[in-house]
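First the structure, in the form of structure tokens, and then the observations on it.
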Amino acid sequence: MKDCRQFYIDGKWISPTRAHDLTVINPANEAPIATVSLGSSADVDKAVAAAKRAFESYSETTREERLALLRRIIDVYQSRKNEMAEAISEEMGAPISLSRAAQAPVGLSHFSEVARILGYYEFERLQGSTLMRKEPIGVCGLITPWNWPMNQIACKVAPGLAAGCTMVLKPSEIAPLSASLFTQILHDSGLPRGVFNMLHGEGPIVGSAIASHPDVTMVSFTGSTRGGIAVALSAAPSVKRVTQELGGKSANIILDDADLHQAVREGVQACIRNTGQSCNAPSRMLVPRSNIVEAAAAAKSAAEAAKIGDPFLEDTGIGPLASKAQYEKVQRLILQGIQEGAKLITGGLGRPEGISKGYFVKPTVFSDVNNEMAIAREEIFGPVLCIIPYEDEDDAVRIANDTPFGLSGYVTSRDIERARRVSKRIRSGNIHINGLELKAIFGFEPGLQ
Ligand code: NAD
């Protein structure tokens with residue numbers, strides 16, 4: 001059992017104000033693997049006070065000093081990358097191949113990219129007689145989820161450090177091992193005390209105390225829409241800046257001129273990768289009505305080809321879901337899909353055959369889904385794909401936009417101009433044309449076996 005009960009405040013590992021232990025469970029075998037402390041608002045007060053003190057001097061550091069710090073962090077992170085991959089696989093069940101190739105290195109790539117940008121970033125610009133100066137905003141509260149733990153943490157911490165901000169991080173209590181290791185990496189990189197502080201805890205207690213704290217100038221939140229709303233409400237009375245990266249139910253429009261088999265196969269893989277626990281997963285596949293039977297058959301073989309099992313086996317493509325709560329939510333929604341009359345093509349309720357322990361679910365494909373069904377409206381956050389038929393291009397765009405979410409979207413076509421035209425009509429934060437550019441993001445294509 002790992003002991004992760006201490007918080008990192010003012011450059012030191014310290015015990016929480018009041019003991020409140022939580023046992024962390026390995027989702028692959030349901031065995032206890034670590035203990036963390038759940039903090040309180042008194043712990044948040046200490047962390048914020050340390051960050052506020054550190055801001056005075058850290059905000060005055062030069063670009064060169066901050067660049068040197070980022071480079072030291074990159075070196076130490078690089079030397080512990082394998083340990084990081086193992087911690088992530090252990091705490092949230094990502095296959096070790098995915099953790100080594102993407103989950104761990106993506107944290108490093110945020111630091112490298114931020115260091116590259118810091119090298120030339122224009123902090124001051126004279127516009128007429130006005131000097132425009134970009135200044136560090138102050139103490140930042142960072143609240144992150146468990147599904148891509150290092151991605152979420154690094155993409156907040158690296159730019160914060162580059163800008164001259166100080167910060168208090170509350171990682172997900174479901175994925176504390178990677179966050180503790182990350183904190184040790186920062187400590188070993190010689191970070192000035194108080195610049196970065198980390199404490200574990202529950203969202204409604206520690207997360208809310210960070211969001212509402214009068215000395216926190218900005219909150220950056222990534223997580224569920226429910227959590228994002230709660231954070232914005234907590235932050236409002238102290239009038240601080242809030243950024244939110246929330247959930248998704250992204251549509252993947254396969255146009256009638258696409259290579260159907262390839263588009264469906266890639267769409268299924270992108271949907272179930274990381275056991276479907278990606279905010280931008282293309283979980284609604286929109287296909288022309290005349291192709292629905294062919295698309296369902298192709299999706300079935302792609303889903304059934306995924307190798308499910310022990311995340312630490314090299315050839316595992318899909319691990320368990322991260323927690324019991326997530327397992328129960330996915331089961332509830334699969335049942336709801338069946339009850340609402342969607343056609344179950346493969347997968348379904350219960351664990352995959354031969355697996356009796358752990359939060360494993362069957363990669364599941366529903367076809368003939370109506371966009372009004374709960375499985376098409378709610379973010380399932382599991383390996384569950386909904387295939388929805390459309391009549392024509394306008395109908396596809398209408399269905400894609402008929403969602404409370406707006407995170408991501410996908411369009412596949414042999415005609416790039418047509419794909420661009422359709423994608424312009426989709427109301428989402430980003431659009432992927434002809435597949436998720438994993439190579440561009442990770443420098444490789446994470447497979448599913
Ligand atoms: P979550 O909202 O339950 O938790 C996220 C974080 O917020 C955790 O640290 C949690 O403790 C904290 N939190 C929860 N309630 C809070 C509250 N009332 N006040 C303050 N903090 C609170 O989400 P999760 O289950 O950890 O993660 C999955 C969700 O995250 C999915 O909806 C997924 O789409 C989303 N996500 C979004 C992105 C993105 O970039 N848009 C990336 C990854 C995950």
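In each ligand, atom 1 is the first atom listed, and ligand 1 is the first ligand listed.
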Exercise for review: Specify whether Phe196 and Phe182 have parallel, tilted or perpendicular ring planes, treating 30° as the upper limit for parallel and 60° as the lower limit for perpendicular.
Suggested key: perpendicular

Note: heavy atom closest to atom 1 (P) of ligand 1, options Gly227, Pro171, Ser224, belongs to Ser224

Atom 8 (C) of ligand 1 has as its nearest protein heavy atom Thr144 O, 3.3 Å

>> Check this for me - ligand 1, Asn147, N or O atoms closer than 3.5 angstrom, yes or no?
In response: no

Of Lys170, Gln244, Lys329, Gln277, the residue with the heavy atom nearest atom 11 (O) of ligand 1 is Lys170

- Are Ala211 and ligand 1 in contact, using a heavy-atom cut-off of under 4.0 Å? no

Cation-pi check, Arg66 to Phe123: give yes when NZ or CZ is under 6.0 Å from the six-membered ring centre and within 45° of the ring axis, no otherwise.
yes

- prompt: Short question: side chain of Ser99, backbone of Ile96 - any donor-acceptor pair under 3.5 Å?
  reply: no

Among non-hydrogen protein atoms, atom 7 (O) of ligand 1 lies closest to Phe221 CE1, 3.1 Å

Using residues 27-39 as the side-chain source, report each donor-acceptor pair under 3.5 Å to any protein atom, sequence neighbours left out, with the distance given to one decimal.
residue, atom, partner, partner atom, Å
Asn29, OD1, Ala31, N, 2.9
Glu30, OE2, Arg351, NH2, 3.3
Glu30, OE2, Gly358, N, 2.7
Ser37, OG, Arg5, O, 2.6

Among non-hydrogen protein atoms, atom 25 (O) of ligand 1 lies closest to Trp146 NE1, 3.2 Å

Output side-chain donor-acceptor pairs under 3.5 Å for residues 245-252, partner residues at least two apart or in another chain, one line each.
residue, atom, partner, partner atom, Å
Lys249, NZ, Ile375, O, 2.7
Lys249, NZ, Glu378, O, 2.9
Ser250, OG, Ser408, O, 3.1

Closer than 4.0 Å and a protein heavy atom, does any atom meet both conditions relative to atom 4 (O) of ligand 1?
no

Counting heavy atoms under 4.0 Å, the part of Ala230 that contacts ligand 1 is side chain

Atom 35 (C) of ligand 1 sits nearest the protein heavy atom Gly223 O, 3.2 Å

| task | Would you confirm whether Thr364, through its side chain, and Lys362, through its main-chain N or O, come within 3.5 Å as a donor-acceptor pair? | result | yes

The protein heavy atom nearest to atom 36 (N) of ligand 1 is Cys279 CB, 3.6 Å

